[in-house]
Amino acid sequence: MIIYKTEEEIELMRQAAQVVSITLGEIAKVIGPGVTGLELDKLAEECIRDHGAIPGFLGLYDFPNTLCISPNAEVVHGIPNNKPYESGDIVSVDCGAILNEYYGDHAYTFEIGDVKPEIRELCKVTKECLDKGIEATRVGNRISDIGYAIQQHAEAHGYGVVRELVGHGLGKTMHEEPQVPNYGKRGRGKKIKNGLTIAIEPMINMGTEKIEQLSDGWTILTRDRLPSAHFEHDVAVVDGKPVVLSTFKYIEEALANK
Ligand code: MG
Ligand code: MG
C-alpha cells in the first residue's frame with residue numbers, strides 16, 4: 001500500500017532530506033585523494049547528530065555504518081573502509097537520516113582528482129538520468145514512466161541499467177511502496193498521485209547491467225568490474241508536479257570552492 005503524505009508531512013520530510021543534503025555537502029568539502037571512507041563515515045554521523053537527527057542507515061537491516069560508500073566498480077551498499085581514495089576514482093556516497101520521524105535518503109557520486117573523460121561522462125549522464133526520472137514524476141504519468149525515462153537516456157549512451165536494485169517509496173520507513181525501477185515500459189504500474197513521496201536513484205553501469213554481491217553480504221559490484229555511478233533525490237508530488245525535497249546545492253557550492 002502506498003502511503004500518500006499531506007503537505008505538512010512533506011514539509012517534515014523536506015527537513016529530513018535537507019539534513020542529508022547538508023551532510024553530503026560536508027563530505028564534498030573534504031573528499032579527495034588520501035581520504036578514507038571511515039573518515040567520511042565519522043564526519044557524516046557527527047553532522048547528522050549535530051542537526052538533531054539520527055543516522056538512517058546505521059543498524060538498518062544490521063548495516064554497520066552511517067554511509068554506504070561504493071567506489072568505482074561498486075554499485076551501492078559498500079561498507080566504509082580504511083583504503084585511501086586515489087586520483088581517478090569515483091566514489092558513490094549514499095546517506096540516510098531520520099528527523100521528525102521521517103527518513104531522508106540521497107546520494108551523489110564524487111570524482112576524485114583527475115578522472116578519465118569517459119568515466120566523468122558516466123557520472124554526468126547518470127545525474128541527467130535522475131533529472132529525467134524526476135521530470136516524469138507527475139500526475140498524468142504512471143510509476144513505470146519514471147524508469148522508462150531513465151532507461152532511455154542511459155541506454156542511448158550505451159550504459160547498463162541495474163535491474164535488481166530500485167528506487168522506492170520513502171516516509172516513516174526507509175523502503176515503502178511503490179518500488180521505483182530505473183527501467184521499464186511506458187504507462188505501467190500505479191498512477192502517480194499528489195502526496196506520493198519517493199526516492200529516485202538511477203544506478204548506471206558503464207558496461208554490463210549485470211551485478212554481483214561480495215561475500216560481506218552487502219557490497220554490490222558490476223560483474224565486468226567497469227565503473228558504476230549512483231545519484232539519488234527524494235521527490236514529492238505536489239499540485240501534480242515533482243518537488244525535490246533534497247538538494248545538491250551544498251555539494252555544488254563545496255566543489256566550486258575547492
Ligand atoms: Mg540511498
Ligand atoms: Mg534509496
Side-chain angles (χ1 to χ4, degrees), residues 2-3 5 13-14 16-28 31 37 40-41 44-45 47-48 53-71 74-80 90-99 102-110 123 126-127 129-131 133-134 137 143 146-147 150 161-183 196-205 211 213 218-221 228-236 242 244-248 250-251:
I2 296 175
I3 303 169
K5 316 299 189 294
M13 288 188 66
R14 192 188 65 79
Q18 292 285 315
V19 171
V20 179
S21 303
I22 290 166
T23 304
L24 290 175
E26 291 302 307
I27 283 165
I31 194 168
L40 299 179
D41 194 68
E45 180 170 358
C47 183
I48 289 168
I54 300 166
F57 296 168
L58 185 64
L60 183 71
Y61 314 119
D62 289 329
F63 188 75
N65 289 87
T66 294
L67 298 176
C68 293
I69 305 186
S70 311
E74 294 184 12
V75 179
V76 287
H77 300 168
I79 298 174
I90 58 169
V91 180
S92 300
V93 180
D94 196 348
C95 181
I98 306 165
L99 184 74
Y102 285 97
Y103 276 89
D105 169 26
H106 88 109
Y108 194 91
T109 299
F110 294 94
C123 295
T126 304
K127 202 158 163 240
C129 284
L130 174 57
D131 291 337
I134 293 167
T137 308
I143 293 294
I146 300 169
I150 292 169
V161 178
V162 173
R163 300 297 201 272
E164 292 87 343
L165 298 143
V166 297
H168 50 93
L170 187 73
K172 287 190 175 178
T173 50
M174 173 80 175
H175 297 113
E176 295 185 351
E177 288 186 42
Q179 292 200 342
V180 185
N182 295 306
Y183 61 94
L196 181 75
T197 52
I198 55 175
I200 302 177
E201 48 179 318
M203 291 156 251
I204 306 298
N205 298 348
I211 56 166
Q213 188 171 39
W218 282 105
T219 310
I220 303 291
L221 71 173
S228 179
H230 178 218
F231 289 85
E232 180 177 24
H233 266 318
D234 300 334
V235 180
V244 183
L245 305 178
S246 46
T247 176
F248 291 146
Y250 302 103
I251 295 172

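Nothing here was measured: the structure is a model prediction, and the numbers come from that model. Indexing begins at 1, ligand by ligand and atom by atom, following the structure's order.
- In this structure a side-chain-to-backbone donor-acceptor pair under 3.5 Å is missing from Ser246 to Ala17.
- Put simply, His168 gets within reach of the Mg ion (ligand 2), with an N, O or S atom under 2.8 Å from it.
- Closest to the Mg ion (ligand 1) among the N, O or S atoms of Asp105 is OD1.
- Side chain of Asp41 to backbone of Leu67: a donor-acceptor contact under 3.5 angstrom is found.
- Looking at Glu201 and the Mg ion (ligand 2) together, the shortest N, O or S contact belongs to OE2.
- When the Mg ion (ligand 2) is compared with the N/O/S atoms of Glu232, atom OE2 turns out nearest.
- Counting only distance, with no hydrogens or angles, the side chain of Gln18 and the backbone of Leu245 share a donor-acceptor pair below 3.5 Å.
- Within the coordination shell of the Mg ion (ligand 2), defined by N, O or S atoms under 2.8 Å, Asp94 is absent.
- The aromatic rings of His106 and His233 lie parallel to each other, with less than 30° between the two planes, well short of the 60° mark.
- A side-chain contact (heavy atoms from CB on, under 4.5 Å) with Ile200 is found for exactly one of Leu130, Val166, Asp131, namely Leu130.
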